[in-house]
Every structure is written in C-alpha cells, then in structure tokens.
Protein chains: 2
Amino acid sequence: MSAMTKAGEPRYRRIAEELRTAIADHAYGPGGRLPSEEALAAHYEVSRGTIRQALMLLRHDGLVTSRRGTRRVVLHDAPVQDFAEMQSFARWARSIGETPQGTVIRQAWHPSNPDEQHHLRITPTTPVLRVLRLRHLSNRPAMLERTTYPEPVGAIVEPLPPDTVSVTEHLERAGISVADAEHTIDLIRADPEDAEHLHCAVGDPLLRERRRSTDPAGIPLEWSEDRYLPGSIAFVVHNSLASTPLTRHLNS
Amino acid sequence: MSAMTKAGEPRYRRIAEELRTAIADHAYGPGGRLPSEEALAAHYEVSRGTIRQALMLLRHDGLVTSRRGTRRVVLHDAPVQDFAEMQSFARWARSIGETPQGTVIRQAWHPSNPDEQHHLRITPTTPVLRVLRLRHLSNRPAMLERTTYPEPVGAIVEPLPPDTVSVTEHLERAGISVADAEHTIDLIRADPEDAEHLHCAVGDPLLRERRRSTDPAGIPLEWSEDRYLPGSIAFVVHNSLASTPLTRHLNS
DNA sequence: ATACAACTGTTGGCCATACAACTTCGGTTT
DNA sequence: AAACCGAAGTTGTATGGCCAACAGTTGTAT
C-alpha cells in the first residue's frame, strides 16, 4: 500500500488519494456520510476550496454523491482504476493480477485512408504505421488490436521488438503521453483474420472497442480497433448529472 | 435552436451551454483555440472562476483540452448528449429522430434475490417489482429490458399503462429523479425469452448494458439489464487524465 | 396529534486576488 | 545556423470571503 504521496502532485490530488483509500478501507461504510468540507479543511489544514477540488474528483469518478444541504454519501467502496490502466492493456492486466503478453503479427507503413485521416486529423498524403497485435492474458489469446499511428508516433513504435509488452509505457518514456481518449464500444463478428488469431470461428461475436487517444495538446496519437473475446471482459462506466461522458449512438 | 436559457440554471451552466453551441456551430473550428479565460470572463461579465467552472464541464465531456500555458483546444465539434438522454430510452430515441415505443410483457412483485439486494441495497425481506419491457425504435424491436424497482419506485411504476413510452419521465413528474448511474457493458447470447421478443435466434449475440441508477441522495432507484440487438447501437465514452469514469473488468 | 415555523448545519455559487508553472515566440548570443 | 534567454500570455493551484439554497431537526402553535 504505502500511500506513495508523490511530491510533485498538487495538494488536492493528494487529499483525494487519501480519501479514496479511506473509502476503499470502509472508513465510512457504504451509504455512509463523509465529514463536512469544513471539518476536512481543518483536518488537512487547507482551505475549503481545495477540499472541494478533491471531492470533485471523487464525485466525477462516482465514489460519492454531492447535494446541497447534506453531507456527501459514499456510493461505492471499490477502488477505482486510474486513467493509465484504461489506456494500457499491459498495465490493466497487471493490476488485476494477470500476466500480459503482446505479439506483433504485422506492421507496415501505408498511405492513410479517409477513415484514418479523419480520426488522426492528418492530410491525405502523410503515411501512417499500421500494426496488428495479438494480446494475451496469462497465455490465452484475449484480444486482437489493429492500431494506426501517425508519423511521429509510428517512428517510435516501429523499431520496438515484436513481443513488447507495453507500447504505451515505451511511448511515455519517449515523452509521449496520452491525456484524452474517446472509446466507442459495440459488437462485431469475427472476420477470417480475427478467427485465425483468436482461435474462434468466423462469424463469432466479439466485443469491439475503437479508441482515439490524444495528447495534452489535443493532437491524435493513435487510432485503434480492439476486438475482445467475449465472456471475460466488461466495460464499466459511471455518469451523472455532474458530468456525462457516456452517450449512446446509432450506426456508429 | 433557441438557446432556451433556463432561468433557474446557475450561471456557469448557461455559459457552458452557450459555449457548447458555439463549438457545435464551428465558431472555433476543430483543433481551434478557445478565447482565454480572461477574455471570456470579460465577455460574459463574470469572474474567471465562473468561466473555469463552465469550462470544466466541457472538459469532462471531452469537448476541449486544457493544459497549463496555452489556450484550450477544441477536440470535438459534435454536440454532446446530456445525462437525461442516456438515462431514458425514449428521450434518446426522440433526440436522434426516431419514434420510441415500449411494451410491458410481464410485471410482478417478487421477493428480492441476493443480486438485487446487493445492487439496490435492500434487506432480504423487502419485495421488488420486476418488469420485462420490450423497446421499439420506429416500429422495429431494438432492445429487451429487465428492470427491478425497489418498493417505493415500484409502487409508482406498477399502475402505469403497459405501453408507457417513457417511464423515466413519469418518475420525474412524481418527484423521483436520477442523479448517478453506473453502466456495465458486455456481450451475451440470447436466451429463449430474448429470442422470442427480439425476433432473433437463441444464442445470437446481444449487447448487454446493466445499469444501476441512484437518486441525489445515493439511494438506488432501479437495477436494469438491457439487451440490444447488435448492428445498430454503440456506446461512446470519453475519459481523460482529469476524470476516469471508464474502467475495464474481468468476469463481471 | 398534526401541521407549521424557526433554526442549524451543510453544500452550491460567485467573486477577488495572488502566485506558480508552463507554452510560445522573438531576440540575442554563441 | 543553432542554441540559449527572457518576456508576454495563459492556465493551474490555493486562499479568503460572502450569501443562497436546501436538508434535517427541533420546537411551537393549532
């Protein structure tokens, strides 16, 4: 455990972290009430505004309610994954105690197609790196990943060994970090290529997650289509009046 | 579109609404930069703090980036659905120009099972109202909904006519409003009941959305399992370093 | 006993200020 | 030409204050 209070982190984030672990440790119980903002401010020796910032984080993650007139109520006592674990298959796998593996099946530069140009916001002439990667979870195939990288990112991904476990972590070391991601989740049927690598039959249903990741400046870093074998995986989303990150779409 | 500036809404929400429509109207362009916070504050004649509150809303919805040192960048120019449209099938259907329909197939009070007791946070002895409802989109079956209501909510839902289009809107009129919802999305195969009502074959893949909705106080209002015919529907989620409402799970 | 009113505690909304951290750009120096 | 430096512009973090809106409770009056 060891809170690992990162020094560079702003105060409200560190406080949010402490509150998170306190909730996960059932310090307040499910349906229990948090101390008042003023009490928390006194305890942490910060202003009420800073406490409110910390509580906003918990609120957006769906851990607590917030409503005028009464103390905040604990909604969930389960720990919430952080952004990095949703962004990196390897990191997620390790966090749930599984051993991730990855194998590049095919990788090459291509002229971009209109779909890629749209999602990566690039001009028709620029090439992209297309990578087909099979992901394993504790030695069993779990997901097939078709990722397209724009030029600067592709240049870093290309020389990596085919069995690189975490591409995301390599990119971070190269100073490329993801700040935003948009996920589209739907159902699709396995094509011959899916079937071959995931060891299923053509036409078998797969859970599809398409994802566009962007850097802090809003520049697209990757456009990926991941196809999961069903039965083992589920996506959990929280939304509320305070923020609505989840929407429903037709056709896609 | 007639902004419909609701009088009771706080200032930062109205400003956020205006900025949303401005973005949707391509006032800044995709990848364009927003005016500085100070400029916006001057324009709307509010303090910078209020502008920041408005911008936080857009940020959490994934419409704009935010990063120290530079102006905000527009990520998407598509309008974002609000919470109500994710919460109500009827409202969503109407917002995309379709005609929603609903039919109650079966409805009865039962003693709650352990699963329901857990998700609705109720004691074993209390009864629940189970409703099986078929949802149509422009006269075609689209989704089969198995919803469980705890006692007070069930008492309001029970007397509604079987072809009620929007249960959510009726509940709102009764003073029951949803503030938070947790969605779990995965893939499942049609059982005989699904197949009968959705006009598909047993074993056909369906997109499943399980949902627990809670009121502003954190009290569960419904526990629902919705099964969508594939091909037509997709779920879109945005997450970022600022807030991580999306997580990935095993087993479910 | 029931309904109403007043009071307390708590969060929401808004303002003003100050400084820190960071990006960008232009000019200077090497 | 390239690297460095500094100034201007912008968002992030934090403090402090004030009042409004609302929930829950307590006490009062009917």
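Values below: every heavy atom of this structure, side chains too, minus hydrogens, waters and symmetry copies.
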Arg68(B), nearest nucleotide to its side chain (from dC22(C), dT15(D), dG12(C)):
dC22(C)

Among dC15(C), dG12(C), dT13(D), the one nearest any side-chain atom of Ser47(B) is dC15(C)

Counting Watson-Crick and G-U wobble pairs only, both distances under 3.5 Å, name the nucleotide matched with dT30(D), or none.
dA1(C)

Any side-chain heavy-atom pair of Phe83(B) and Val178(B) under 4.5 Å
yes

In the structure I gave you, are the side-chain heavy atoms of Ser213(A) and Gln87(A) within less than 4.5 Å of one another anywhere?
yes

So His238(B) and His76(B), would you call those rings parallel, tilted or perpendicular, with 30° and 60° as cut-offs?
perpendicular

Is it true that Glu85(B) and Arg248(A) have a side-chain N and a carboxylate O under 4.0 angstrom from each other?
no

Let me spell it out: for each of Glu45(B) and Arg33(B), pick the nucleotide of DNA chain C with the closest heavy atom. Which residue's pick is nearer the 5' end?
Glu45(B)

DNA chain C nearest-nucleotide lookup for Gly69(B) and Val46(B): closer to the 5′ end is Val46(B)

Quick one: label [X] by what it contacts on the DNA or RNA (base, sugar-phosphate, nothing), any heavy atom closer than 4.0 Å.
{"X": "Arg67(B)", "answer": "sugar-phosphate"}
{"X": "Arg52(B)", "answer": "base"}
{"X": "Arg48(A)", "answer": "base"}

Here the distance between atom C1' of dT13(D) and atom CZ of Arg14(A), to the nearest Å, is 12 Å

Separation of Leu57(B) atom CG from dG13(C) atom P, in whole Å?
10 Å

